[in-house]
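Here is the structure we will look at.
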Amino acid sequence: MDSPQVYTLYFNKWSICSQMILLTLAFKGEPKDDSASMTVEQKHIDIMNSEQLEEAFLTKVNPKGQVPVLTHLSKLPKPLPDSLDITHYIASHCPSLLPEDYKEQIVELLKELHDINYFSLSFGNKPTAAKAQEALVEKKLAETDISEEYRKTLEFKLKVVQNEKVGGVTEAEIEAQIGNAKAFLQKVAGLYEPNNGPWLWGRTSPTALDVHLAVFVARLHDVGRGVLVPEYLVLFRTHVMETKEWEDVYQGRSTMFGV
């Protein structure tokens, strides 16, 4: 018998990867059968006030101290802390997100998209944001009354921040990520056939790639990097932002705080 418990999605509304998962759930379509139905409750993690650095989150949910994370008491043996893994999990229940005709291409392009360091492109002009994250972890590590388990997860989190955040806003790394974004966007722009249908490949319903692409293009626009986006994909962004699903997720917000 299927477990009656619901899934829990730990997220933050300003996290680009959280937004990708929220929109994937909004566009997920019908489950493949009754047993694949997914009911997901949302738990907002206040990353602006370092909730992701609290002991319970780091030791029980995600030692990387990042969102999104998907959990289920019985259907998932451990938390899923990677947005790409979460996407494939959702798609395994809702197959319209990963149609067989394009499955191999979608999987490949999603991986390429998620190999891009979004932090580099979002905060490259604000390097102090990375150093501030590093300082917050170091401050917690300086506390003398924390458990050994918590200390070890904080040490791991510090390495994550230094590699992905501090290392992500160097001039060389920003230029590399701009190059990666350009190459990816040029590749997917050729898949958009608006005269045949509103989604990639001229489809009438979105795949997981459509959803993640829309969020990525919108984030580039919101952080002043719209010049990286081919004109065709500007039209694509406009189309997706006009959908009910987008409005339900964003409720009038941009993808980035402060803009």
Side-chain angles (χ1 to χ4, degrees), residues 14-29 83-84 86-88 90-91 94-125 173-256 259:
W14 300 116
S15 153
I16 182 173
C17 290
S18 291
Q19 293 168 29
M20 288 174 173
I21 296 305
L22 290 169
L23 202 60
T24 297
L25 288 168
F27 276 115
K28 70 181 185 299
S83 55
L84 194 50
I86 295 171
T87 298
H88 286 303
I90 298 169
C94 304
S96 67
L97 291 169
L98 205 58
E100 284 297 329
D101 288 350
Y102 305 102
K103 183 175 182 178
E104 184 176 341
Q105 200 170 2
I106 292 170
V107 168
E108 179 183 327
L109 288 169
L110 278 173
K111 183 180 184 306
E112 185 174 342
L113 173 58
H114 282 265
D115 282 342
I116 295 170
N117 188 330
Y118 306 134
F119 191 88
S120 300
L121 298 174
S122 298
F123 292 93
N125 61 341
E173 185 61 18
I174 292 167
E175 287 303 312
Q177 296 305 324
I178 287 174
N180 292 341
K182 284 182 176 179
F184 169 78
L185 291 170
Q186 287 294 337
K187 194 177 296 185
V188 293
L191 305 177
Y192 186 45
E193 306 168 2
N195 292 330
N196 296 324
W199 302 99
L200 298 179
W201 295 287
R203 286 173 51 84
T204 56
S205 63
T207 69
L209 179 61
D210 290 272
V211 176
H212 290 223
L213 172 64
V215 177
F216 180 58
V217 170
R219 170 59 67 90
L220 290 175
H221 173 271
D222 292 342
V223 298
R225 297 193 186 276
V227 68
L228 302 179
V229 181
E231 184 176 352
Y232 245 28
L233 293 183
V234 175
L235 298 175
F236 175 78
R237 174 180 68 88
T238 300
H239 156 66
V240 181
M241 291 180 68
E242 290 174 347
T243 64
K244 179 181 183 298
E245 289 84 357
W246 183 280
E247 180 55 34
D248 287 346
V249 169
Y250 286 94
Q251 300 180 3
R253 297 187 304 272
S254 69
T255 68
M256 183 73 173
V259 298

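Just the heavy atoms: all of them, side chains too, but no hydrogens, waters or symmetry mates, feed the values below. Just so it is clear, the model here is predicted, and its values are computed rather than measured.
- No side-chain heavy atom of L22 sits under 4.5 Å from any side-chain heavy atom of Y250.
- Annotation for G29 and C94: closest pair O-SG, 4.1 Å, computed over non-hydrogen atoms.
- Rounding to the nearest 0.5 Å gives a distance of 5.5 Å between CG of L109 and CD of Q105.
- Separating the OG1 atom in T24 from the NE2 atom in H88 is a distance of 10.5 Å, to the nearest 0.5 Å.
- Taking CG of L113 as the reference point, atom CD1 of I106 lies at 12.5 Å (rounded to 0.5 Å).
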Item to check | Stepwise side chain to side chain contact (heavy atoms under 4.5 Å, CB included) check, L185 with V217 | outcome: CA-CA 9 Å; L185 291 170; V217 170; 4.0 Å; yes

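- Of all heavy-atom pairs between A218 and W246, the closest is CB-CH2, 3.7 Å.
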Item to check | Verdict with supporting geometry, V188 and L233, side chain to side chain contact (heavy atoms under 4.5 Å, CB included) | outcome: CA-CA 9 Å; V188 293; L233 293 183; 3.8 Å; yes

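- Between F216 and H114 the shortest side-chain heavy-atom distance does not fall below 4.5 Å.
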Checklist entry - For H221 and V229, what are the C-alpha separation, side-chain angles and deciding distance, and is it a side chain to side chain contact (heavy atoms under 4.5 Å, CB included)? => result CA-CA 8 Å; H221 173 271; V229 181; over 6 Å; no

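- Shown here for S205 and R203, the closest heavy-atom pair between the two residues is OG-NH2, 3.0 Å.
- Nearest approach of P206 to V211, heavy atoms of both residues: CB-CG2, 4.4 Å.
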Next on the checklist: Before you tell me yes or no, could you show the steps for V240 and D210 under side chain to side chain contact (heavy atoms under 4.5 Å, CB included), namely the whole-Å CA-CA distance, both residues' side-chain angles and the distance that decides it to 0.1 Å?
Outcome noted: CA-CA 9 Å; V240 181; D210 290 272; over 6 Å; no

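- Looking at K111 and V107, their side chains never come closer than 4.5 Å, going by heavy atoms from C-beta outward.
- Here S15 contributes atom OG and Y118 contributes atom OH; the two are 10.0 Å apart, rounded to the nearest 0.5 Å.
- Considering all non-hydrogen atoms of both residues, L228 and A181 come closest at CD1-CB, 4.4 Å.
- Between the side chain of E245 and the backbone N or O of F27, no donor-acceptor pair lies under 3.5 Å.
- Among the candidates L23, I21, L25, the single residue satisfying the side chain to side chain contact (heavy atoms under 4.5 Å, CB included) test with V249 is L23.
- Rounded to the nearest 0.5 Å, atoms NZ (K182) and CD (Q177) are 13.0 Å apart.
- Looking at heavy atoms from C-beta onward, M20 lies out of side-chain contact with I86 at the 4.5 angstrom threshold.
- Taking CG from L213 and OG1 from T207, the interatomic distance works out to 9.0 Å, rounded to the nearest 0.5 Å.
- Listed for the D222 side chain is a donor-acceptor partner under 3.5 Å among the backbone atoms of T255.
- Checking side-chain atoms of S18 against main-chain N and O of W14 turns up no donor-acceptor pair under 3.5 Å.
- Of all non-hydrogen atoms in W199 and T204, the two that sit nearest each other are CD1-C, 3.5 Å.
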